Colleague: 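Here you go, one structure.
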Amino acid sequence: MKFEEMPYSRIDMEAVRKDFADLEKRFTEADSGEKQFAVHQDYYKIIGHIMTESTLAEIRHDIDMTDEFYKGEQDFYDAVMPDIQNLNVRYQKMLFHSKFRPYLEEKIGKVAFKNIELAMKSVDEKILPLMQEENKLQSGYNQLLATAKIDWNGETLNLSLMNPYLHSPDRAVRVEAWKKYSAFFSAHKEELDDFYDKLVKCRTKQAEQMGYKNYLGLGYCRMMRNCYTRSDIAEFRRQVKRDFVPFAERLHERRRQRLGLCSLHFEDEGVYFQNGNPAPIGTPEEILEAGRKMYRELSPETGKFMDFMCDNHLFDVIGRRTKKTGGYMTYLPDYKAPLIFANFNGTSGDADVITHECGHAFQGWIVADDPIREHADITMETAETHSMSMEFFTEPWMNLFFGARAKDYVDMHFEDSCCFIPYGTMVDEFQDIIYDDPSLDPKTRNEVWRDLERQYKPHLDYSGNDYYEQGGFWQKQHHIYDCPLYYIDYCIAQTDALQYKVWMDRDYKSAWSSYLKLCRLSASDFFPGLVKEAGLVNPFEDGCLKSVVRQLTDRMNL
């Protein structure tokens with residue numbers, strides 16, 4: 001079914017409560033594991049329908065954040081979703097403590113039961129009002145960013161539509177664009193500080209009421225960190241500083257020389273060539289058709305996937321003034337349909353949507369008929385491995401998007417992928433510090449960010465921009481507001497993706513076979529088991545990053 005034809009109806013919370021009460025009764029009365037599993041399959045249908053309707057409302061709200069109807073629907077789900085999460089956890093507690101658990105665990109898997117244990121530690125009825133407050137604050141933050149109005153040469157643009165000018169080959173243009181862009185954040189600094197201060201305090205209160213010292217314990221449970229700990233991530237960050245930051249700084253220096261600059265200023269951060277970054281050729285419709293051709297040639301599986309996405313209008317990628325910024329892939333269980341949301345703006349990021357977000361969507365599509373719903377509960381570092389690796393696997397077809405500048409794009413994408421790891425790791429350490437001491441005031445938080453920038457990105461020069469020099473850059477990173485503790489997953493996944501890059505340059509067919517296997521494994525095992533089965537080195541292993549850097553250095557003759 002085409003996306004625009006999918007009917008929407010607000011869920012009836014009274015009916016939802018009755019459905020869950022009926023599930024609990026039938027589950028409790030079942031006298032065998034087989035019967036309890038049959039009840040559990042009905043649970044899949046109920047929770048899948050709830051997620052379908054709430055996701056339809058979210059997407060249609062994000063498409064036009066001035067649409068009053070879907071704004072009202074989003075407000076409704078912000079209010080009721082914590083209650084639904086609580087009902088869900090109550091049901092999962094029964095599953096977890098079932099006297100037939102050995103049978104159920106064999107059917108559903110050990111990973112699912114570990115995730116249920118974490119979910120039980122994540123939600124409680126007593127914190128529902130605080131969860132509702134958190135949702136409302138996040139919606140307010142996103143509303144502020146989505147409705148930004150920046151005057152650009154007589155035209156009113158939002159943050160997403162400023163991107164081409166922020167990356168202009170004309171340095172004067174991008175300097176002026178960054179001045180206008182950062183002026184928006186500077187003008188709303190107090191509002192942004194207030195949103196974040198309230199979010200940190202709200203999340204901390206939730207954690208304290210759940211018995212945690214601070215939000216980090218609760219946040220790790222909500223992120224389903226089911227096989228590694230805060231200390232494991234701290235060790236990964238140490239490896240990034242020791243082994244990867246020097247490598248990334250050499251890439252920045254090489255870029256400085258390529259651009260012919262005396263020094264890299266922050267406005268030059270996202271520019272790779274004197275004649276500008278390669279941009280995709282063609283209209284959005286032509287870019288999508290190029291994606292269809294690419295995926296048909298890559299493999300039979302990806303070809304069928306892309307035909308399904310295009311034929312059912314499961315891309316909403318045109319940038320509009322009232323559209324939510326950013327991009328994502330989401331899933332509509334009732335239709336077994338992924339959907340990709342983005343803001344095309346004429347930059348290389350448009351092609352990245354067709355690679356990165358399609359990596360997520362392809363994995364969801366290829367396992368859509370898995371009878372065990374819990375296999376879809378992939379932890380984020382695995383999900384991002386699917387997407388970031390797909391960015392590399394699609395390199396041979398970049399001529400379809402960039403024509404004569406395909407090699408420029410491939411080189412730029414590789415450097416950008418490498419340089420992301422220090423930045424993403426820095427975002428994680430920032431959040432670790434903030435939630436460890438939620439009493440920090442806005443000025444101190446900015447000082448923490450600026451100090452971390454000097455550790456992870458020592459080349460950065462913000463001279464002339466007081467807002468960034470004083471540590472305000474983090475306020476543009478919506479994950480810090482919306483998805484606490486998420487960003488390190490990108491860095492772990494990027495380490496996997498770079499391993500695939502080295503592998504595919506050596507033996508593309510073998511690397512693709514491994515990737516396809518990883519996608520099909522879904523969440524049937526914990527992350528260390530998945531990467532081992534796929535033939536990758538676990539990024540948490542001491543020496544993994546050092547080995548990756550050595551192989552990349554040899555490849556690039558650095």
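Heavy atoms only: backbone and side chains are in, while hydrogens, waters and symmetry mates are out. Count residues from 1 along the sequence. All values reported here derive from a predicted model rather than from experimental measurement.
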Colleague: For Lys546, is the NZ atom crowded, meaning more than 12 foreign heavy atoms sit under 6.0 Å from it?
Modeller: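 No - once you tally the heavy atoms of other residues, nucleotides and ligands closer than 6.0 Å, there are 12 at most.
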Colleague: Taking NZ, NE, NH1 and NH2 as the nitrogens, is one of them in Glu29 or Arg26 under 4.0 Å from a carboxylate oxygen of the other?
Modeller: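 Salt bridge absent between Glu29 and Arg26.
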Colleague: Nearest 0.5 Å, what's the CG-NE2 distance between Leu485 and His479?
Modeller: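 So the gap between those two atoms works out to 12.5 Å.
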Colleague: Only counting residues at least two apart or in another chain, list the ones meeting salt bridge (Lys or Arg N to Asp or Glu O under 4.0 Å) with Glu191.
Modeller: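 For Glu191, no residue satisfies salt bridge (Lys or Arg N to Asp or Glu O under 4.0 Å) once neighbours in sequence are set aside.
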Colleague: Within this structure, what is the CG-CG distance for the pair Leu159 and Leu166, rounded to the nearest 0.5 Å?
Modeller: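 Here the interatomic distance stands at 9.0 Å.
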Colleague: Would you find a donor on one side and an acceptor on the other, under 3.5 Å apart, between the side chain of Thr52 and the backbone of Asp334?
Modeller: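 Checked: pair present.
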Colleague: Would you confirm whether Ser139, through its side chain, and Asn135, through its main-chain N or O, come within 3.5 Å as a donor-acceptor pair?
Modeller: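 Present.
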Colleague: Heavy atoms only: give me the nearest Leu161-Arg321 pair and the separation to one decimal.
Modeller: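 Looking at all heavy atoms of both residues, the closest pair is CD1-CG, 4.3 Å.
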Colleague: Do Trp474 and Asn446 have side chains that approach each other closer than 4.5 Å (heavy atoms only, starting at C-beta)?
Modeller: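 Yes. Closest side-chain heavy atoms under 4.5 Å.
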Colleague: Report yes or no: do Asn142 and Asp482 form a side-chain donor-acceptor pair below 3.5 Å?
Modeller: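 Side-chain D/A pair, Asn142 to Asp482: present.
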Colleague: Taking 4.0 angstrom as the limit, do Lys18 and Asp22 come out as a salt bridge?
Modeller: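 A salt bridge is absent here (no side-chain N lies under 4.0 Å from a carboxylate O).
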Colleague: Under 6.0 Å from the CZ atom of Arg230, do we count more than 12 heavy atoms belonging to anything else shown?
Modeller: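 Yes, the 6.0 Å shell around CZ holds more than 12 heavy atoms from other groups.
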Colleague: Below 4.0 angstrom, N of the basic side chain to O of the carboxylate: do Glu269 and Lys457 qualify?
Modeller: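 Salt bridge: yes.
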Colleague: So, Glu469 and Arg450, do they make that salt bridge, N to O below 4.0 Å?
Modeller: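 Yes.
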Colleague: Answer yes if the ring centres of Phe27 and Phe37 are under 6.0 angstrom apart, and no otherwise.
Modeller: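 When the ring centroids of Phe27 and Phe37 are compared, they turn out to be at least 6.0 Å apart.
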Colleague: Mind checking whether Glu357 and Ser387 have side chains closer than 4.5 Å, heavy atoms only?
Modeller: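 Contact flag for Glu357/Ser387 side chains = no.
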Colleague: Would you say Ser417 and Gln494 make side-chain contact, with heavy atoms under 4.5 Å?
Modeller: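 They are in side-chain contact.
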Colleague: Just by distance, with hydrogens left out, do Gln92 and His97 show a side-chain donor and acceptor under 3.5 Å apart?
Modeller: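 Per modelled atom types, Gln92 and His97 side chains form no pair under 3.5 Å.
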Colleague: Determine whether Leu199 and Gln138 make a side-chain contact, defined as any pair of heavy atoms from C-beta on separated by less than 4.5 Å.
Modeller: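 Yes; the side chains approach each other to less than 4.5 Å.
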Colleague: For residues Thr28 and Met94, determine if any side-chain heavy atom of one lies less than 4.5 Å from a side-chain heavy atom of the other.
Modeller: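 When only atoms from C-beta onward are counted, Met94 and Thr28 do touch, with a gap below 4.5 Å.
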Colleague: Step by step, work out the ring-ring contact (aromatic ring centres under 6.0 Å, His included) result for Tyr91 and Tyr43.
Modeller: CA-CA 9 Å; Tyr91 168 79; Tyr43 160 78; 4.4 Å; yes
Colleague: Can you see whether Asn226 engages Thr379 through a side-chain donor-acceptor pair at a distance of less than 3.5 angstrom?
Modeller: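 Checked: Asn226/Thr379 side chains show no N/O donor-acceptor pair below 3.5 Å.
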Colleague: In this structure, are over 12 heavy atoms from other groups packed under 6.0 Å from Lys136 atom NZ?
Modeller: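 No, the 6.0 Å shell around NZ holds no more than 12 heavy atoms from other groups.
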Colleague: Do Thr425 and Asp428 have side-chain atoms, one donor and one acceptor, less than 3.5 Å apart?
Modeller: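 Thr425 vs Asp428: no donor-acceptor pair found between side chains.
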Colleague: Report the residues that fulfil side-chain hydrogen bond (donor to acceptor under 3.5 Å, both in side chains) with Asp466, sequence neighbours left out, ordered by chain and then residue number.
Modeller: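 Here no residue qualifies.
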Colleague: Who are the salt bridge (Lys or Arg N to Asp or Glu O under 4.0 Å) partners of Asp83, not counting sequence neighbours?
Modeller: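 Testing Asp83 for salt bridge (Lys or Arg N to Asp or Glu O under 4.0 Å), a comparison that skips the adjacent residues, returns Arg17.
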Colleague: Do Leu536 and Thr495 come within less than 4.5 Å of each other through their side chains, counting heavy atoms only?
Modeller: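 The answer is no; the side chains never approach within 4.5 Å.
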Colleague: Within the supplied structure, the quantity of interest is the number of heavy atoms (other residues, nucleotides, ligands) at a distance under 6.0 Å from Gln41 CD; does it exceed 12?
Modeller: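 Yes, enclosed.
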Colleague: For His61 and Lys71, which heavy atoms make the closest approach, and how far apart are they?
Modeller: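 Heavy-atom minimum between the residues: ND1-CA, 3.7 Å.
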Colleague: Is a side-chain N or O of Asp232 found less than 3.5 angstrom from the main chain of Thr229, in a donor-acceptor match?
Modeller: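 At least one qualifying donor-acceptor pair exists.
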Colleague: I'd like to know if Lys205 and Glu208 make a salt bridge, using a cut-off of under 4.0 Å between side-chain N and carboxylate O.
Modeller: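 Not counted as a salt bridge, because no side-chain N and carboxylate O are separated by less than 4.0 Å.
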Colleague: Between Glu447 and Lys443, does at least one N-O distance fall below 4.0 Å, as a salt bridge requires?
Modeller: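 Answer for the salt bridge query: yes.
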Colleague: With sequence neighbours left out, what residues match Gln475 under side-chain hydrogen bond (donor to acceptor under 3.5 Å, both in side chains)?
Modeller: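 Partners of Gln475 by the side-chain hydrogen bond (donor to acceptor under 3.5 Å, both in side chains) criterion, ordered by chain and then number, come out as Asp193, Tyr467.
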Colleague: Can you tell me if Tyr423 and Gln477 form a side-chain donor-acceptor pair at under 3.5 Å?
Modeller: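 Side-chain D/A pair, Tyr423 to Gln477: present.
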Colleague: Between His356 and Tyr328, is the ring centroid distance below 6.0 Å?
Modeller: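 Centroid separation for His356 and Tyr328: 6.0 Å or greater.
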Colleague: Between Tyr487 and Tyr490, does the ring centre distance come in under 6.0 Å?
Modeller: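 Yes: the rings meet the under 6.0 Å criterion.
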Colleague: Do the numbers put Arg203 on top of the ring of Tyr435, so that NZ or CZ is under 6.0 Å from the six-membered ring centre and no more than 45° off the axis?
Modeller: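 Judged by the rule, Arg203 and Tyr435 form no cation-pi pair.
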Colleague: Can you see whether Phe341 has Lys323 sitting over its ring - NZ or CZ less than 6.0 Å from the centre and within 45° of the normal?
Modeller: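 Yes - Lys323 lies over the ring of Phe341, closer than 6.0 Å to its centre and within 45° of its axis.
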Colleague: Is it true that Tyr103 and Gln36 share a donor-acceptor pair across their side chains at a distance under 3.5 Å?
Modeller: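 Not at all, the side chains of Gln36 and Tyr103 share no donor-acceptor pair under 3.5 Å.
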Colleague: Going by the rule side-chain hydrogen bond (donor to acceptor under 3.5 Å, both in side chains), which residues pair with Gln206 if we only count those two or more places apart in sequence or in a different chain?
Modeller: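 side-chain hydrogen bond (donor to acceptor under 3.5 Å, both in side chains) list for Gln206, sorted by chain: Glu134, Arg222.
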Colleague: Give a yes or no on whether the ring-centroid distance for Phe195 and Tyr481 is below 6.0 angstrom.
Modeller: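 So the answer is no for these two rings.
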Colleague: Do Asp542 and Gln239 have side-chain heavy atoms sitting under 4.5 Å apart?
Modeller: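 Answer yes - side chains close enough.
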Colleague: Measure up the Tyr181 and Trp178 rings against each other and bin them: parallel (under 30°), tilted (30 to 60°), perpendicular (over 60°).
Modeller: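 Perpendicular, since the angle between the ring planes exceeds 60°.
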Colleague: Tell me whether Arg101 forms a cation-pi arrangement with Phe96, defined as NZ or CZ under 6.0 Å from the six-membered ring centre and within 45 degrees of its axis.
Modeller: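 The answer is yes; both the distance and angle limits are met.
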Colleague: Using 0.5 Å steps for rounding, measure from the CD1 atom of Ile50 to the CE atom of Met13.
Modeller: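 Those atoms lie 7.5 Å apart.
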Colleague: Check whether the side chains of Tyr486 and Glu384 place a donor and an acceptor atom closer than 3.5 Å, and report yes or no.
Modeller: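 There is such a pair between these side chains.
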Colleague: Using 30° and 60° as the class limits, which term best fits the ring planes of Phe430 and Trp449: parallel, tilted or perpendicular?
Modeller: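 Aromatic pair Phe430/Trp449 classed perpendicular.
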Colleague: Do Tyr70 and Ile59 have side chains that get closer than 4.5 Å, going by heavy atoms?
Modeller: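 No. Closest side-chain heavy atoms not under 4.5 Å.
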Colleague: Counting only heavy atoms not in Lys241 (residues, nucleotides, ligands), do more than 12 fall under 6.0 Å from its NZ?
Modeller: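 Result for NZ/Lys241: enclosed.
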Colleague: Suppose the criterion is salt bridge (Lys or Arg N to Asp or Glu O under 4.0 Å): which pairs have a residue in residues 51-61, not counting sequence neighbours?
Modeller: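 As it turns out, there is no salt bridge (Lys or Arg N to Asp or Glu O under 4.0 Å) pair with a partner in residues 51-61 once direct neighbours are skipped.
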